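To keep things clear, I will list the structure first and then write my remarks on it.
Source: prediction; values computed, not measured.
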Amino acid sequence: AALKAGQFGEALARYSEAIEHDKSDKTLYTNRALAHLRVGNYLSAAEDCSKALDICEFLDDCLAANPIHPTALKAYMRRASAYVALGRHADANAD
């Protein structure tokens with residue numbers, strides 16, 4: 001609710017708290033990444049997306065899904081956005 005309401009600081013706090021309780025939920029990481037993007041924490045956004053993709057690859061095997069799992073797609077798109085903001089265009093293009 002906080003993220004949709006534009007309360008990005010509150011959203012970051014809530015997602016961080018939720019991640020402490022369930023570190024294997026890739027959706028929590030992709031949503032927190034969006035909040036990081038909204039406040040300009042691009043490196044943190046990229047890191048959260050990478051964590052979500054690691055969960056997809058090693059725990060859920062959702063990277064092999066065809067079509068790609070929606071959460072993995074969001075993680076790739078958000079990480080690419082963070083990389084562009086960081087000037088890492090080659091990394092963004094790879095995503």
Side-chain angles (χ1 to χ4, degrees):
L3 187 60
K4 287 185 180 183
Q7 299 169 342
F8 304 121
E10 180 69 19
L12 285 169
R14 296 289 179 215
Y15 284 121
S16 295
E17 183 179 308
I19 287 168
E20 285 301 313
H21 294 287
D22 186 359
K23 292 184 180 356
S24 67
D25 188 335
K26 60 191 170 293
T27 302
L28 294 174
Y29 286 102
T30 56
N31 288 345
R32 187 172 71 175
L34 180 58
H36 278 304
L37 285 171
R38 296 291 189 247
V39 297
N41 296 339
Y42 303 118
L43 188 57
S44 295
E47 290 171 353
D48 274 354
C49 290
S50 293
K51 287 177 188 172
L53 291 167
D54 285 346
I55 292 166
C56 280
E57 182 176 5
F58 298 111
L59 295 180
D60 296 344
D61 197 30
C62 64
L63 294 183
N66 189 11
I68 191 168
H69 191 280
T71 302
L73 181 60
K74 287 178 187 178
Y76 278 122
M77 297 297 293
R78 291 174 184 169
R79 187 170 69 177
S81 295
Y83 284 157
V84 167
L86 291 167
R88 295 172 56 181
H89 300 285
D91 290 328
N93 194 36
D95 277 352

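Scored by the side chain to side chain donor-acceptor pair (under 3.5 Å) test, D22 finds S24 as partners (sequence neighbours excluded).
Closest heavy-atom contact between K23 and Y29: O-CE1, 3.4 Å. When every heavy atom of T27 is checked against every heavy atom of D25, the shortest pair comes out as N-OD1, 2.9 Å. For the residue pair A11 and A35, the shortest heavy atom distance occurs at CB-CB, 4.2 Å. Of all the heavy atoms in Y42 and A82, the pair that sits closest is O-CB, 3.4 Å. Nearest heavy atoms, A72 versus C62: CB-SG, 4.5 Å.
A heavy-atom distance below 4.5 Å is not found between the side chains of K51 and I19. The shortest side-chain heavy-atom distance between I68 and Y76 falls under the 4.5 Å cut-off. In this structure, the side chains of H36 and F8 stay at 4.5 Å or more apart for every pair of heavy atoms.
For R78 (side chain) and C49 (main-chain N/O), no donor-acceptor pair under 3.5 Å exists by modelled atom type.
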* To do: Start with the C-alpha gap between Y15 and L3, add the side-chain angles, then the distance that decides, and say whether side-chain contact (heavy atoms from CB on, under 4.5 Å) holds.
  => CA-CA 10 Å; Y15 284 121; L3 187 60; 4.0 Å; yes
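Judged as a salt bridge (Lys or Arg N to Asp or Glu O under 4.0 Å), the pairs with a partner in residues 55-68 (not counting sequence neighbours) are, in order, K26-D60.
Rounding to the nearest 0.5 Å places CG of N31 at 11.0 Å from CG of L12. R79 contributes atom CZ, which lies 9.0 Å from atom CZ of R88 (distance to the nearest 0.5 angstrom). Taking SG from C56 and CG from L73, the interatomic distance works out to 10.5 Å, rounded to the nearest 0.5 Å. For the atom pair NZ (K74) and NE2 (H69), the distance works out to 9.5 Å, reported to the nearest 0.5 Å.
Under a hydrophobic clustering in which Ile, Leu, Val, Met, Phe, Trp and Tyr are joined whenever their side-chain heavy atoms come within less than 4.5 Å, directly or via other members, L59 and L53 fall into different clusters.
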